A.B. asks: 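Handing you this structure, nothing more for now.
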Amino acid sequence: MSMGPGNYIEVGRMDELSRMDSPLHRLDARAKGLTTLIFLIAVMSFGRYEVSALMPLFVYPFALTAWGNLPAGFLLRKVALAAPFALFVGIFNPFLDRETLSWIGSHPVSGGWLSFASILLRFALTVSAGLILLACTGIHRLCAGAAQLGLPRVFVVQLLFLYRYFFVIGEEGLRMVRSVEMRGSRSLGLRTYGSLIGHLLLRSIDRAQRIYRAMISRGFDGEVRVLRADAPGWKDAAFVAGWSAFFIAARVCNLSELVGNVVFNIL
Amino acid sequence: MTTPPSIELRDLCFAYPDGTRALRGVSLSVAQGESVAIVGGNGAGKSTLVQHLNGYLMATQGEVRVGGKPIARETVAQVRRAVGLVFQDPDDQLFMASVFDDVAFGPLNFGLSPEAVEKRATAALERVGMLHLRERPPHKLSAGEKRAVAIATVLAMSPEVLVMDEPSSNLDPCGRRRLIHLLRSFDHTKLIVSHDLELVVELCPRSILLDGGVIVADGPTVELFSNEALMLAHGLERPHILRHLHPHG
């Protein structure tokens, strides 16, 4: 039984989720991949100060989470885990861009704060969409789908190994952390860290090589094969078309503003 | 026509890129259906030898033949089908999301139809008594279950030769006993690399003692292991089971 490390990074939970059964899981990997790609392009194409217009796009991750019976708490934790990257990217914006662009009541809001908020929203949208895609499809089906769509084999294999070795490095790293903790050492000097990271790299390379060896021993030749090949149907086409229409609508007109105006007029 | 030996090594030499000479002229022949153990202390060259058997490492000098065919770039895919390798650490061998997917990985790569893959994977899991775990993620299994599934991944490829690296490591006594029964029930040609000499005594009538990259002795297991001076000289010891069977041997 894997103890310790597994509990930290919840190794394999994504794989487990991808093997559940739901209408979302049953959709063609290519349909889901394509929809996610269109979603990412839509999110990234918004202006740098856009905040309210991004809001309606949250319907997508929420709807998919519900439809695919995915655990929202787990996905949120994963998004939070990666959040520091987005924070670092945008943290200096409020200090560098002080021009007032908007008002909340009588409070001025600078362009820096707006772009910072926009970065965080976009980060939450894109990362959650990626995680959901992975959780409802699984890396293997996803790679097979990407290959069917014409992605060169070398990229498909890179993607597959990147995912596989990410866990390998994670596990090795946590094993080392545990051994450091067991020796009662809480604060480590820079030198120790340097040596630890060097060891981590070497151990991960060794382990990765052994896994690769196991794969080629069983006939792996660079082609990703799946047992149950996806056969696209009308449901898949409807999924791509429906969501794409929604993303385009959200991109072209500010749905939040539109809904706000409608509600305001009714009142 | 006589059947060629399952495995044949002729003057096999191998040096790692850093210059370490791991194998220095190893020649041996294993007949079809034979069970042979390779024993030796740490660094004797056992793992290097095993990696030559399915073409993961290629000989610097000499030749490896499997089923009469020399291993070369053109034959390596065929050889990997014929030689099933069970790794020392099952965690290295199990990399798919479910037990079933893992067992199906080999047959799928050989281009079999989905029905044939399904049939083979089911049969292999049934053979090792692990069919009930087919939907489980491999990393959540016990050490014994992992080992059995790792063996199933190899059986699903219908190999002619089974090569096992330390098959009993990390197993509790019951798991080890089950493994011995399981291995005994296979009629494949078996090559077992192990420090578990008691297991070797039970499973392999013939043993090969390796040290410093050369074969020191090759003969009947009981005879070899009873030679206390020989065993001690090469980092091993006479197993307890033989002390009971041959107290004065």
Side-chain angles (χ1 to χ4, degrees), chain A residues 1-7 9-21 134-135 137-144 160-161 163-168 170-172 175 203-204 206-231, chain B residues 47 50-51 53-57 76-81 83-118 121 135-143 145-146 150 153-154 156-157 159 163 165:
Chain A
M1 205 46 94
S2 78
M3 295 297 288
N7 298 342
I9 49 173
E10 300 176 270
V11 180
R13 182 83 193 272
M14 274 302 198
D15 287 341
E16 268 173 59
L17 292 178
S18 71
R19 291 179 45 258
M20 291 180 0
D21 190 34
L134 195 59
T137 316
I139 190 72
H140 226 75
R141 258 179 81 199
L142 210 56
C143 286
L160 192 69
F161 280 107
Y163 180 78
R164 199 49 67 206
Y165 294 157
F166 173 75
F167 289 110
V168 170
E171 272 177 52
E172 290 292 342
R175 235 176 258 173
R203 280 162 67 157
S204 303
D206 273 351
R207 182 104 202 278
Q209 250 169 2
R210 290 200 300 272
I211 294 177
Y212 177 65
R213 218 175 88 201
M215 292 177 83
I216 61 165
S217 293
R218 284 193 271 150
F220 181 71
D221 55 3
E223 197 172 317
V224 185
R225 297 174 179 91
V226 283
L227 196 53
R228 286 163 282 271
D230 284 326
Chain B
S47 295
V50 164
Q51 290 179 52
L53 299 178
N54 76 343
Y56 184 74
L57 294 179
V76 80
Q78 218 181 334
V79 164
R80 283 184 186 147
R81 241 177 127 145
V83 179
L85 214 69
V86 180
F87 287 51
Q88 182 170 359
D89 184 353
D91 281 327
D92 292 337
Q93 191 149 15
L94 305 174
F95 44 76
M96 295 290 282
S98 75
V99 163
F100 187 81
D101 284 347
D102 236 318
V103 179
F105 184 85
L108 209 53
N109 280 332
F110 295 142
L112 299 180
S113 70
E115 296 76 38
V117 171
E118 182 101 28
E135 294 303 326
R136 293 273 299 277
H139 65 268
K140 292 213 167 157
L141 307 180
S142 73
E145 290 166 340
K146 276 184 192 171
T153 65
V154 167
M157 305 198 307
V163 179
D165 197 354

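Please read all numbers here as calculations on a predicted model, not as lab measurements. Chain identifiers are assigned alphabetically (A, B, ...) following the order of the sequence lines, protein sequences preceding nucleic acid strands; residue numbering begins at 1 within each chain.
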A.B. asks: Hey, which of A/Arg210, A/Arg207, A/Arg213 has the most heavy atom pairs under 4.5 Å with chain B?
C.D. replies: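 Of the options given, most contacts go to A/Arg213.
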
A.B. asks: With rounding to the nearest 0.5 angstrom, report the CG to CE distance, B/Asn109 to A/Met215.
C.D. replies: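 Reported value, rounded in 0.5 Å steps: 8.0 Å.
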
A.B. asks: Quick one: pull up CG in B/Leu108 and CD in A/Glu223 and give me the separation to the nearest 0.5 Å.
C.D. replies: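 Going from CG on B/Leu108 over to CD on A/Glu223, the span is 10.0 Å.
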
A.B. asks: Anything under 30° is parallel, anything over 60° is perpendicular, the rest tilted; go ahead and classify A/His140 against B/Phe105.
C.D. replies: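 If you compare the ring of A/His140 with that of B/Phe105, the planes turn out perpendicular.
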
A.B. asks: So which atom in A/Ile216 and which in B/Arg80 form the shortest heavy-atom distance, rounded to 0.1 Å?
C.D. replies: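 Nearest heavy atoms, A/Ile216 then B/Arg80: O-CD, 3.1 Å.
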
A.B. asks: Is chain A contacted by the side chain of B/Ser113, its backbone, both, or neither, given a heavy-atom distance below 4.5 Å?
C.D. replies: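 For B/Ser113, there is no contact with chain A at all, as no heavy atom is under 4.5 Å.
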
A.B. asks: Of the listed residues (B/Ala77, B/Pro107, B/Ser98, B/Ala150), which shares the most heavy-atom pairs with chain A below a 4.5 Å separation?
C.D. replies: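 Of B/Ala77, B/Pro107, B/Ser98, B/Ala150, B/Ser98 has the most heavy-atom pairs under 4.5 Å with chain A.
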
A.B. asks: Which value, rounded to the nearest 0.5 Å, describes the distance between A/Arg225 atom CZ and B/Leu112 atom CG?
C.D. replies: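 Between atom CZ of A/Arg225 and atom CG of B/Leu112 there are 10.0 Å.
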
A.B. asks: For B/Asp91, is it the side chain, the backbone, both, or neither that has a heavy atom closer than 4.5 Å to a heavy atom of chain A?
C.D. replies: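 Contact with chain A: backbone and side chain both.
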
A.B. asks: Using non-hydrogen atoms only, which part of B/Gln51 is less than 4.5 Å away from chain A: side chain, backbone, both, or neither?
C.D. replies: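 Interface part for B/Gln51: side chain.
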
A.B. asks: Carefully, step by step, assess B/Asp102 and A/Arg218 under the rule side-chain contact (heavy atoms from CB on, under 4.5 Å).
C.D. replies: CA-CA 10 Å; B/Asp102 236 318; A/Arg218 284 193 271 150; 3.4 Å; yes

A.B. asks: Please find the pair of heavy atoms, one from A/Gly219 and one from B/Phe110, that lie closest to each other, and give the distance.
C.D. replies: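 So the two residues come closest at CA-CE2, 3.9 Å.
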
A.B. asks: Quick one: pull up CZ in B/Phe95 and OH in A/Tyr212 and give me the separation to the nearest 0.5 Å.
C.D. replies: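 It comes to 11.5 Å.
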
A.B. asks: How far does CD1 of A/Ile211 sit from CZ of B/Phe87, to the nearest 0.5 angstrom?
C.D. replies: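 Here the interatomic distance stands at 10.0 Å.
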
A.B. asks: Of all heavy-atom pairs between A/Ala214 and B/Gln93, which one has the smallest distance, and what is that distance?
C.D. replies: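 Looks like CB-CA, 3.9 Å.
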
